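Remember, it's 1-based here, ligands and their atoms both numbered in the order they're listed. From a predicted model like this one, the values you see are computed outputs, not experimental measurements.
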Amino acid sequence: MMKRTHYSSEITPQMDGEEVIVAGWVHSIRALGKIIFVILRDREGTVQITAPKQKVEEGVFKTIKSLGVEDVIAVKGKVVANEKAPNGFEIIPIEVEVLNRAERPLPLDPAEKVPAELDTRLENRFLDLRKPRVQAIFKIRHEMLKSVRETFYSEGFIEVNTPKLVASATEGGTELFPISYFEKEAFLGQSPQLYKQMLMASGLDRVFEIAPIFRAEEHNTRRHLNEATSIDIEMAFADDKDAIKMLEKVVYNACVSVYENREKELNLLNHKLEVPPKSFDKITYDEAIEIAKRRGVEIEWGEDLSREAEKAIGEEMGGFYFIVDWPTEIRPFYTMPKDDKYCKAFDLMYKDLEISSGAQRIHIYDMLVESIKNKGLNPDAFTYYLEAFKYGMPPHAGWGLGADRFTMVLTGQENIRECVLFPRDRHRLTP
Ligand code: ATP
Ligand code: MG
């Protein structure tokens, strides 16, 4: 097998006369009798292979003539500067190796001459991903995850992995997937929350985890999946304000990284990403309710924000903003109260999309047991978790940031399915 020396994007007209080996897929092929043009596509872009009958060996010309779209090839050839060719150069082939043929017709056209529905695209995701525009989403997602990890490393976080097979719910709730686990009842983890907190009693001090969360969301929405990826942190000797600052840092840095390093991909997606300020606006839950009411949404104090409320608030606020000071009664039991009505919880929103939830947590054993009871849950179901609060638990805070939703924001996608390679929703368990 000939081995690639250059990606398409690494070749320039200045390399005129040099020999290179490129490898990829036949994006398109055009035969005009005595000359054949092949556009070869690799991860980084496309190059034109130009084969004039008189200038290439007979065997090579024959092989090129036999090619069809999406065949996998490697081409050794000479770079020739040519103003008329795309990117100002073409490659005159010396040797062509057909690494694999593609069956035709293709179930999906990666060259996008024929547009396809999302369902068909997801059915044939490996082909869909050959489209530069689709790949751009996952290059931006990668850039975000890389930046997020780098921020965590520089802030002294330790990467951890907690179990996804669990014995009980994080918060009670009905969003769990039951599984058969030998003779016991078990579930897929809906959040690493309880484990992150237990680790605060371990002295690891600052931990992060990037891992799947599973939720039996019944409804088909454009922002929910049944398997999502959560970027989770927990920090000890910290309060809600510290957690908010860390979230701002992580989100800001990721926006800068994508803005600076993924211009090509943003352009392919036609998405004008704006780098946010380093600190985001903050409104209280009460103010959020006021905004929703003023804009004609029917909502009562003490209710979670409905879709309509989120939309109304999002229209008024725009960009990234926090909603802070939530009523204690609508937040999970582990949330630290602020007074007898409000708690130290926050949500990070982007327009009308919630992308993160977090809070300072309760670190006092008795208070936690009381809070579990107040939510109508049984403390006995939380024995292993509660033990960690008995022998020296520091104050702590943290959050969970949806990687898929954050990717929607960074890439300008309206449907979360676009931001996940193989999405899992109510109707999709394959591929
Ligand atoms: P929502 O109210 O939008 O359903 P949530 O409040 O139930 O979200 P949290 O439990 O706060 O979600 O989870 C933290 C973050 O994880 C959310 O802000 C979101 O970014 C992400 N997330 C939660 N559930 C899902 C899901 N089903 N699909 C995709 N992302 C999710
Ligand atoms: Mg939430």
Carefully, step by step, assess D71 and R104 under the rule salt bridge (Lys or Arg N to Asp or Glu O under 4.0 Å).
CA-CA 10 Å; D71 283 349; R104 283 173 291 271; 3.1 Å; yes

Is a donor from one side chain sitting under 3.5 angstrom from an acceptor on the other, for E260 and S257?
no

Contact residues of ligand 1, where a non-hydrogen atom lies under 4.0 Å away
R215, E217, R223, H224, L225, A228, E354, I355, S356, S357, G400, G402, R405, I416

With K338 as the cation and W326 as the aromatic partner, state whether NZ or CZ is under 6.0 Å from the six-membered ring centre and within 45° of the axis.
no

Does the plane of the ring in F389 sit parallel, tilted or perpendicular to the ring in H396? Use 30° and 60° as the thresholds.
tilted

Please work out whether the ring planes of F152 and F157 are parallel, tilted or perpendicular, with thresholds of 30° and 60°.
tilted

F280 and ring pair (Phe, Tyr, Trp, His ring centres under 6.0 Å): which partner among F320, F346, Y321, Y350?
F320

Show your working on side chain to side chain donor-acceptor pair (under 3.5 Å) between Y334 and Q197 and close with a plain yes or no.
CA-CA 9 Å; Y334 45 76; Q197 289 191 261; over 6 Å; no

Please identify each residue that fulfils salt bridge (Lys or Arg N to Asp or Glu O under 4.0 Å) with D347, with sequence neighbours left out.
R331

State which residues pass side-chain hydrogen bond (donor to acceptor under 3.5 Å, both in side chains) with E370; sequence neighbours excluded, sorted by chain then number.
none

Short of 2.8 Å from the Mg ion (ligand 2), name each protein N/O/S atom, waters not counted.
E354 OE2, S357 OG

